[in-house]
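Because the structure is predicted, anything quoted here is derived from the model rather than measured. Here is how names work: the chains are called A, B, and so on, in the same order as the sequence lines, proteins then strands, and each is numbered from 1.
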Number of protein chains: 2
Amino acid sequence: MLFKFRPDRPRWVQVAEVIRDRIEAGDYGPGQPIPSEPAMVREFGIARTTARKATAWLREEGLIYTVPSLGSFVHGG
Amino acid sequence: MLFKFRPDRPRWVQVAEVIRDRIEAGDYGPGQPIPSEPAMVREFGIARTTARKATAWLREEGLIYTVPSLGSFVHGG
DNA sequence: AGATATTTGTTCGTATGTATC
DNA sequence: GGATACATACGAACAAATATC
């Protein structure tokens, strides 16, 4: 079942908020990976460019860090 | 420092002129790439659609050619 | 050593909607 | 109405690094 987007805000914002909430809930612990871009594409039914915008926002917020070719990980590990 | 646009002409024209001048000055040699669309977005502080209009104009002028997924390059290499 | 799969980085192509002049 | 300009969002392709088999 794909994520239900609201029409009032951009999709990349809503995806970023879901991931952020999961991080704060402890679903992804410190040093552990968040869903990869292809995983977000599958789970939310979005384009990769949209997944990348969500990831970039989480990175700018300081919640995650990204290692090329490996993935993005929660800070604090 | 972002480019200072004049209000009298379209932005895409002014961007195209800057790139054209650089090509004629030899900043980008034959066969070498001009700034990508994302690079123009960063350098000039414009939208991608505006960068694309500038690139399209340079292409129609015969100054460059574009290879999808790779970039745009100065003619004559 | 070699081949394959995964992931991020980057690019262009296209379309839609909104706003402004 | 038309041209300009922005943001969003889809898709496709290529590249490079990493990990695994």
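- The residue B:T55 sits apart from the nucleic acid: no heavy atom pair falls under 4.0 Å.
- Distances from the side chain of A:K53 to the nucleotides D:dT8, C:dT14, D:dA9 place D:dT8 closest.
- One interatomic measurement links the two molecules: CZ of B:F5 to P of C:dT20, which rounds to 20 Å at whole-angstrom precision.
- Computed from coordinates, the A:R59 CZ to C:dT8 P distance equals 10 Å when rounded to whole Å.
- Taking atom CZ of residue B:R9 and atom C1' of nucleotide C:dC21, one finds them 18 Å apart after rounding to whole Å.
- Checking the phosphate oxygens (OP1, OP2) of C:dC12, no side-chain nitrogen or oxygen of B:R52 falls inside 4.0 Å.
- Under the 3.5 Å distance criterion, with hydrogens and angles disregarded, no donor-acceptor pair is assigned to the side chains of A:T50 and A:R11.
- The backbone N or O of A:L63 lies less than 3.5 Å from no partner atom in the side chain of A:H75, so there is not a single donor-acceptor pair.
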Side chains of residues 1-10 of chain B: which donor-acceptor pairs under 3.5 Å do they make with residues two or more places apart or in other chains?
unit_1 : atom_1 : unit_2 : atom_2 : d
B:R9   : NH1    : B:E17  : OE1    : 3.2
B:R9   : NH1    : B:E17  : OE2    : 3.1

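- Residues A:S69 and A:P10 each lie close to DNA chain D; by heavy-atom proximity, the contact nearer the 5' end of the strand is made by A:P10.
- Ranking D:dT4, C:dG13, D:dA19 by closeness to the A:L70 side chain, first place goes to D:dA19.
- Regarding A:W57, its CH2 atom lies at a distance of 18 Å from the C1' atom of D:dA7, rounded to whole Å.
- Rounded to whole Å, the distance from CD1 on A:I64 to P on C:dT7 is 15 Å.
- Rounding to the nearest 0.5 angstrom, the gap separating the CG atom in B:L58 from the CD1 atom in B:I23 is 5.5 Å.
- An OP1 or OP2 oxygen of D:dC10 is reached within less than 4.0 angstrom by a side-chain nitrogen or oxygen of A:T50.
- Non-hydrogen atoms lying under 4.0 Å from DNA chain C are contributed by A:S36, A:E37, A:P38, A:R48, all within residues 33-49 of chain A.
- Residue contacts shown for A:R11 are limited to sugar-phosphate atoms, with no base heavy atom under 4.0 Å away.
- Salt bridge A:R22/A:E43: present, at least one basic N to carboxylate O contact under 4.0 Å.
- Across the protein-nucleic acid pair, B:D8 atom CG and D:dT4 atom P stand 14 Å apart, rounded to whole Å.
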